[in-house]
Amino acid sequence: MQNKTIGNLFKGDKVVWMIFFFLCIISVIEVFSASSQLSYEKGSYFMPIFKHILLLVLGIFCIIITLNIKCKYFKIATPFLLIFSVFTLIWVFFAGQTTNGAQRWVSILGIQFQPSEIAKGTLVLATAQILSAMQTPDGTDKNAFKYILWLCVVIIPLIMVENFSTAALLYVVIIIMMFIGRVPWKQIGPLLGVTALMLVAGYLLIMNLGKSTPQTPNQQLTEQLTVKKEKPNLIEKVFHRVDTWRSRLESHDSDTDVAPEKVDLVEKGAQKAHASIAIASCNIVGKGPGNSVERDFLSQAFSDFIYAIIIEEMGIAGGSFVALLYIFLLFRAGRIALRCENNFPALLVMGLAILLVSQALFNMSVAVGIAPVTGQPLPLISKGGTSTIINCIYIGVILSISRSAKQRNGATQLSASDEMTIA
């Protein structure tokens with residue numbers, strides 16, 4: 001009886017649930033290990049991990065609620081989510097709360113969240129709805145490309161002002177969705193060409209307009225005080241992150257290797273250097289949970305660079321296992337999409353899975369030094385607030401679609417069996 005009750009609670013695809021719980025277990029272990037700085041700042045050894053566990057429990061609650069929502073209601077919610085996303089993105093642009101030099105948060109009724117996290121899923125949801133509604137026997141209607149592009153023009157630049165990497169990843173996900181949704185190549189091809197030209201132009205603009213970010217604490221404090229005294233105009237507000245972008249690009253493009261004993265926490269490229277040290281010292285099986293050394297030198301060890309800590313403590317084997325979990329999630333989403341009878345749930349489940357996996361792969365690329373340093377957390381593992389809850393809701397949507405797809409698949413098989421019996 002108890003097993004039946006638990007089964008009714010955790011409905012949907014069992015493999016997705018298994019992947020999710022594996023990620024949660026790894027998250028609890030590694031966030032607890034990587035939160036030494038937070039424990040020191042808060043004066044409590046267990047408080048940071050206690051809050052993280054509560055957040056994961058809240059995320060599981062959100063999953064259970066979401067998986068019980070029928071797919072048709074996601075369509076109904078699309079216009080309201082679009083309005084809310086655009087409104088909050090404009091709000092954060094003019095009056096958002098700043099943390100670590102980035103103005104990404106707003107507060108409603110005492111709840112602080114990042115509008116960009118909600119906007120990502122909303123754009124994927126709207127794109128899936130447009131692509132599914134405009135399917136023809138020869139592919140997607142050409143007007144679908146225009147509608148999706150207009151949505152991207154409105155939402156992605158608002159995200160890009162404060163979080164370029166999130167905007168870029170979202171843009172890539174939308175292009176992949178258009179490819180899956182059979183948008184003609186004669187429309188996608190020129191878009192990719194224009195994108196390449198914009199990347200080159202953007203790189204040149206950043207390298208010419210930006211200057212190296214101050215490297216000493218005194219210089220950073222002086223800049224912060226100057227920003228508070230002088231109210232930036234609209235142009236300055238749009239490009240106020242250009243110095244950070246240039247600094248990260250220069251750090252990534254630099255071929256200079258820094259000896260471990262010469263690495264200073266406040267120096268340029270310190271996070272990248274300490275992440276490399278963590279990975280290089282891991283061996284095959286790692287140092288063991290809780291035995292990381294570099295967690296005390298990485299300022300974002302529990303968030304942006306948690307994958308480096310995972311490799312340091314769990315070794316190459318543990319890091320590979322984490323990467324495979326995300327790949328399995330993507331393949332499982334593909335299986336669920338194949339079972340869907342309608343285009344909308346299939347496109348939605350693939351879009352959300354690609355969104356999660358692409359962010360995870362990008363975070364890993366940053367940790368191992370392949371990509372420039374950005375503020376992308378590792379989905380469902382890094383310590384976070386809005387991102388953790390929203391990612392759990394994405395999992396809930398995938399599970400909701402898996403339920404309806406499984407029922408339809410079962411009904412189809414039963415119908416075929418009945419026909420054979422009658423024959």
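Taking both residues in full, the closest heavy atoms of I306 and E30 are given as CD1-CB, 4.1 Å, listed atom of the first, atom of the second, then distance. K287 and S281 get closest at one heavy-atom pair: NZ-OG, 3.3 Å. For S116 against L89, the heavy-atom pair with the smallest separation is N-CD2, 3.9 Å. In terms of heavy atoms, L170 sits closest to K120 at CD1-O, 3.8 Å. Shortest non-hydrogen contact noted between T122 and S85 is OG1-OG, 3.2 Å. When all heavy atoms of G351 and V173 are compared, the pair lying nearest together is O-CG1, 3.8 Å.
Of the possible polar contacts, one joining the S402 side chain to the L399 backbone as a donor-acceptor pair under 3.5 Å is found. T127 places a side-chain N or O within 3.5 Å of a backbone atom of L123 that can act as its donor or acceptor partner. Checking side-chain atoms of W17 against main-chain N and O of K11 turns up a donor-acceptor pair under 3.5 Å. A distance-only check finds a donor-acceptor pair linking the side chain of E312 to the backbone of V293 [under 3.5 Å]. For the pair Y326 (side chain) and L356 (backbone), a donor-acceptor distance under 3.5 Å is absent. Side-chain N or O atoms of S27 include none that pairs as donor or acceptor with a backbone N or O of L23 at under 3.5 Å. A donor-acceptor pair under 3.5 Å is absent between the side-chain atoms of N163 and the main chain of I159, judged by distance alone. Not a single donor-acceptor pair under 3.5 Å links the side chain of Y307 to the backbone N or O of N363. Looking at Q135, its side chain does come within 3.5 Å of a backbone N or O of G181 through a donor-acceptor pair. Within the 3.5 Å criterion, the main-chain N or O of L191 finds a donor-acceptor partner in the side chain of T195.
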Quick one: do V154 and L82 satisfy side-chain contact (heavy atoms from CB on, under 4.5 Å)? Show the steps, please. CA-CA 10 Å; V154 173; L82 283 172; over 6 Å; no

Pair F61-I64, side-chain contact (heavy atoms from CB on, under 4.5 Å): steps then yes or no: CA-CA 5 Å; F61 179 72; I64 293 172; 5.6 Å; no

Assess whether side-chain contact (heavy atoms from CB on, under 4.5 Å) is satisfied between V31 and I53, documenting all intermediate values. CA-CA 10 Å; V31 168; I53 291 174; over 6 Å; no

Applying side-chain contact (heavy atoms from CB on, under 4.5 Å), run through R182 and L131 and close with a yes or a no. CA-CA 8 Å; R182 301 194 304 162; L131 290 172; over 6 Å; no

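In this structure, the side chains of S132 and N342 stay at 4.5 Å or more apart for every pair of heavy atoms. Using a 4.5 Å heavy-atom threshold, the side chains of C392 and F20 count as touching. Contact annotation: the side chain of V397 never approaches that of I69 to less than 4.5 Å [non-hydrogen atoms, C-beta and beyond]. When side chains are defined from C-beta on, L325 counts as touching I26, because their heavy atoms get closer than 4.5 Å. Counting heavy atoms from C-beta on, the side chains of Y394 and T66 never come closer than 4.5 Å. With a 4.5 Å cut-off on side-chain heavy atoms, T388 and L380 do not count as touching. No side-chain heavy atom of V349 sits less than 4.5 Å from a side-chain heavy atom of P345. Side-chain contact between Q187 and T140 is absent, with no heavy-atom pair separated by less than 4.5 Å.
Note that the OG atom of S320 and the CE atom of M364 stand 9.5 Å from one another [nearest 0.5 Å]. Rounding to the nearest 0.5 Å places CD of Q376 at 3.5 Å from OG1 of T166. Here the straight-line distance linking atom CD1 of I175 with atom CD1 of I148 works out to 11.0 Å at 0.5 Å rounding. How far CE of M178 is from CG of L347: 12.0 Å, rounded to the nearest 0.5 Å. One distance of note links NE2 of H52 with CD1 of I49; it measures 5.5 Å at 0.5 Å rounding. Rounded to the nearest 0.5 Å, atoms CD1 (I279) and CD1 (I310) are 10.5 Å apart.
Annotation for F21: atom CZ counts as buried by contact number, over 12 foreign heavy atoms lying within 6.0 Å. Enclosure of atom CZ in F22 is not indicated, since only 12 or fewer non-hydrogen atoms of other residues, nucleotides or ligands lie within 6.0 angstrom.
Aromatic rings from F344 and F74 are positioned such that their centres are separated by 6.0 Å or more.
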